[in-house]
Amino acid sequence: MRSLFGPIAWVCIVGCGAPDQPVADVPQPTPLATPLGFAPLEFAQVDDNLHHDTLLIQVTFDMGDGSFVMVASNMEETFEGVRLYRYRLKPDSTADMLAVSSPGYDSWTMLPTFFTDSATSGQDYWILANFGEKESWGQKLLKLNNAFTDLGFLDLALPERVMEDDTLRLKRRNIAPFARYSSNGDTAVFRFACDSVYLYDDQEGHNDVVLPANTVRYTYHPSEGPSLWLNGRKHLLTQPA
């Protein structure tokens, strides 16, 4: 079970005096509009470019503006688990840390998918961060500008049926690549460009249900937090403390 509460542990990144490493000039991706909204941005994944003593880096994204976002945890296992870090490289390959997310706690996967539109490109990003191990537990919703801000948790996944040991099994995959972002005034809207979605809780008394994707959407408004919409019915979701 996931936990969204616990102490915050600070991570120290220590430089090793390595020679300067030039940062490649990678342009930012252009938001791709679709009938349902904007598709995810495809930032280039790059090799580890930090010299450090304490972090185990899973993946690093080049944001195209001289900054990077990495998914990393402590080399020694801790309760806090994995975090997102946005940083710029210093000449000695240490980090000028710009923002650090809250931890993933008992999840060792916190893979981010980034969204924006042409009006906010390069300034503000919406993030769906996939939680889970072999299968998805759902998505943490964050906003990234000068900091990572937690906005709630979306209890959904992409259902996939696969054959295992001559048995057809239902697997829950990361749905973020199929999400489409749009906005309506101050409200962010997420729809899903797939046939069906897996809901862990439909807020109507049912758990672990598969529904047509065109009947499901999520919204976020600053005064309400996240909401789940099913067939036009709105359900406010509890925000994390």
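Because the structure is a prediction, the values reported are computed rather than measured.
Annotation: side chain of Glu164 is in contact with side chain of Lys171 (closest heavy-atom distance under 4.5 Å). The side-chain heavy atoms of Ser136 and Ile175, taken from C-beta on, include no pair separated by under 4.5 Å. Between Met70 and Tyr87, some side-chain heavy-atom pair lies under the 4.5 Å cut-off.
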Between Phe68 and Val46, does the side chain to side chain contact (heavy atoms under 4.5 Å, CB included) criterion hold? Intermediate values first, please.
CA-CA 9 Å; Phe68 301 86; Val46 298; 4.2 Å; yes
Determine whether Tyr200 and Asn207 satisfy the following criterion, side chain to side chain donor-acceptor pair (under 3.5 Å), listing intermediate values before the conclusion.
CA-CA 5 Å; Tyr200 291 91; Asn207 296 321; over 6 Å; no
Kindly determine whether Phe114 and Phe43 satisfy ring pair (Phe, Tyr, Trp, His ring centres under 6.0 Å), including the steps that lead there.
CA-CA 8 Å; Phe114 302 88; Phe43 291 113; 5.2 Å; yes
Kindly determine whether Asp155 and Gln203 satisfy side chain to side chain donor-acceptor pair (under 3.5 Å), including the steps that lead there.
CA-CA 10 Å; Asp155 280 309; Gln203 303 298 313; 5.3 Å; no
Before giving the answer on side chain to side chain contact (heavy atoms under 4.5 Å, CB included), spell out for Leu230 and Glu204 the whole-Å C-alpha distance, their side-chain angles and the decisive distance to 0.1 Å.
CA-CA 9 Å; Leu230 291 181; Glu204 296 182 350; 4.1 Å; yes
Trace of the side chain to side chain contact (heavy atoms under 4.5 Å, CB included) decision for Leu41 with Thr116:
CA-CA 8 Å; Leu41 300 168; Thr116 190; 3.4 Å; yes
Any chance you could lay out the side chain to side chain contact (heavy atoms under 4.5 Å, CB included) test for Val189 and Tyr218, step after step, and finish with the verdict?
CA-CA 6 Å; Val189 182; Tyr218 282 87; over 6 Å; no
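Taking CD1 of Ile127 as the start and NZ of Lys140 as the end, the distance is 10.5 Å to the nearest 0.5 Å. In this structure, CG in Asn145 is found 5.0 Å from CG in Asp124, a value given to the nearest 0.5 Å. To the nearest 0.5 angstrom, Thr113 atom OG1 is 5.5 Å from Asn174 atom CG. The distance from the CZ atom of Phe148 to the CG atom of Leu98 is 9.0 Å, given to the nearest 0.5 Å.
A donor-acceptor pair under 3.5 Å is formed between the side chain of Arg88 and the backbone N or O of Asp65. The backbone N or O of Lys234 lies less than 3.5 Å from no partner atom in the side chain of Ser227, so there is not a single donor-acceptor pair. Counting only distance, with no hydrogens or angles, the side chain of Gln58 and the backbone of Val71 share no donor-acceptor pair below 3.5 Å. Remark: the backbone N or O of Gly185 is not paired with any side-chain donor or acceptor of Ser183 at under 3.5 angstrom. The backbone N or O of Asp47 sits nowhere less than 3.5 Å from a side-chain atom of Thr60 that would complete a donor-acceptor pair. Between the side chain of Ser182 and the backbone N or O of Gly37 there is no donor-acceptor pair closer than 3.5 Å. With hydrogens and angles disregarded, no donor-acceptor distance shorter than 3.5 Å links the side chain of Asp165 to the backbone of Thr167. At distances below 3.5 Å, at least one donor-acceptor pair connects side-chain atoms of Asp62 with backbone N or O atoms of Gly64. Judged by distance alone, the side chain of Asp150 and the main-chain N or O of Gly152 form no donor-acceptor pair under 3.5 Å.
In the displayed structure, Asp195 atom CG is contacted under 6.0 Å by at most 12 heavy atoms of other residues, nucleotides or ligands.
Closest of all the heavy-atom pairs between Leu156 and Phe192 is CD1-CZ, 3.4 Å. Closest approach of Leu228 to Leu199, counting heavy atoms only: CD2-CD1, 4.4 Å. Of all heavy-atom pairs spanning Pro177 and Pro40, the tightest one is O-CG, 3.7 Å. In terms of heavy atoms, Leu50 sits closest to Ala95 at CD2-CB, 3.7 Å. The minimum heavy-atom distance linking Met63 with Val69 is given by the pair SD-CG2, 3.7 Å. Of all heavy-atom pairs between Met75 and Leu56, the closest is CG-N, 3.9 Å.
When the options Arg173, Arg172, Arg169 are evaluated for a salt bridge (Lys or Arg N to Asp or Glu O under 4.0 Å) with Glu160, the one that passes is Arg173.
When hydrophobic clusters are built by joining Ile, Leu, Val, Met, Phe, Trp and Tyr residues whose side-chain heavy atoms come closer than 4.5 Å, directly or via intermediates, Leu36 is not grouped with Leu158.
The aromatic rings of Phe190 and Tyr181 lie tilted to each other, with the angle between the two planes from 30° to 60°.
Remark: Arg86 does not engage Asp96 in a salt bridge, criterion side-chain N to carboxylate O under 4.0 Å.
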